[in-house]
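In what follows, a structure is listed as structure tokens, so that the remarks can point back to it.
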Amino acid sequence: MGKHVNQDWAERDGNGHYWPGQPPLIPASFYPTPADPLVSPNYEGWWRRSVTLAARIWKPSLVLHAILVLPTLALTVPADAYFTAENERLQATAVRGATTAGFAPLVELFQAYLVLLAALLASALVSAIATAIAVRLVVLAATGQPVSLRAAAGYGLRRTHAVLGWGLLGGLLTGASVLLCVLPVFYVAAVLTVLTVVVTLEPGSGIGRCFAIFHADFGTSVARVATIFGITVAAAVGLGLAGAVLTTALGTTGGLAVATLMDGAFTLAAGIILPPMLVTAYADMRARLEPFSTAYLAPPPH
């Protein structure tokens with residue numbers, strides 16, 4: 001399972017941290033067994049656990065994302081249509097060689113871009129909250145508790161302020177890494193893949209914790225994160241190509257409508273598949289840094 005670099009540290013507090021200078025008081029149950037629902041010894045085990053947990057949470061997760069997909073689309077679709085229309089109008093003006101309009105088309109396009117950016121940001125925040133709730137659904141399933149959307153939503157919403165705050169900081173860090181080079185962008189994005197999971201399950205932890213668990217076993221982390229990235233990028237590229245084909249065949253309005261439906265379907269599917277992959281990836285990373293098993297996430301015995 002890799003080295004536990006904090007073996008000489010002692011008991012955890014409620015946030016999953018260790019305090020130095022104490023004798024080891026970690027229960028044996030906090031070390032994972034081959035049957036652990038979240039922690040796996042290899043890639044095949046990680047994939048199998050992800051699929052198993054996705055099958056357990058698919059119904060409440062589908063309901064969750066079905067509830068959220070409509071307001072999300074209500075934000076992004078009109079903004080996207082507005083930006084597309086302004087962009088096309090600017091291009092048409094350039095083709096005609098019109099000079100009387102001055103800078104007005106550029107100003108209007110910039111306004112449309114700001115509207116689109118605000119809509120995308122709001123959509124990203126809604127997605128982060130949904131992920132936090134879905135993370136709790138995965139934990140409920142892994143620890144043998146009733147997989148209740150109400151219970152998961154109550155827990156996830158209590159973590160909203162932390163998820164949004166750390167999410168914004170993570171976005172700024174990723175954006176800043178663009179100024180350095182391409183590789184730093186991929187690196188930072190990879191490290192922050194489990195940020196929502198960390199913030200949801202470890203109150204008080206954030207970006208620094210992501211770096212710590214990511215580097216505990218670099219190969220394990222890269223394998224999990226690369227798979228999640230690959231699935232997401234492949235789906236995005238496929239949807240983009242399909243949208244371009246549909247726009248050519250049906251026109252801008254018809255193509256946008258069908259592409260919107262496809263985006264909604266992808267959101268529903270991703271909401272079921274990706275949270276278990278994120279939680280199990282986090283569990284694998286953390287278990288290679290310190291003693292950790294699903295037992296740590298289980299409710300305390302009464």
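For the numbers below, each heavy atom of this structure counts, side chains included, while hydrogens, waters and symmetry mates do not.
No side-chain heavy atom of Arg159 sits under 4.5 Å from any side-chain heavy atom of Val135. At least one side-chain heavy atom of Met285 sits less than 4.5 Å from a side-chain heavy atom of Val225. Here the side chains of Leu289 and Arg209 are in contact, with some heavy-atom distance below 4.5 Å. Counting heavy atoms from C-beta on, the side chains of Ile57 and Pro276 come closer than 4.5 Å. At least one side-chain heavy atom of Leu297 sits less than 4.5 Å from a side-chain heavy atom of Leu38. Looking at heavy atoms from C-beta onward, Thr267 lies out of side-chain contact with Leu68 at the 4.5 angstrom threshold. At least one side-chain heavy atom of Ile207 sits less than 4.5 Å from a side-chain heavy atom of Leu173. Side-chain contact between Phe214 and Val222 is present, with heavy atoms from C-beta onward closer than 4.5 Å.
Taking each heavy atom of Arg288 and Thr220 in turn, the nearest pair found is NE-OG1, 3.3 Å.
With values rounded to the nearest 0.5 angstrom, Thr160 atom OG1 is found 7.0 Å from Ile133 atom CD1. Leu140 CG to Arg56 CZ: the interatomic distance, rounded to the nearest 0.5 Å, is 12.0 Å.
Residues satisfying the salt bridge (Lys or Arg N to Asp or Glu O under 4.0 Å) test with Arg224, not counting sequence neighbours, are Asp284.
Sparse packing is recorded around OH of Tyr113, with 12 or fewer heavy atoms of other residues, nucleotides or ligands lying under 6.0 Å away.
Sequence neighbours left out, the pairs with a member in residues 45-79 that pass ring-ring contact (aromatic ring centres under 6.0 Å, His included) are Tyr43-Trp46.
Leu53 and Leu62 sit in two unconnected hydrophobic clusters of ILVMFWY residues. Membership requires side-chain heavy atoms under 4.5 Å apart, directly or through other members.
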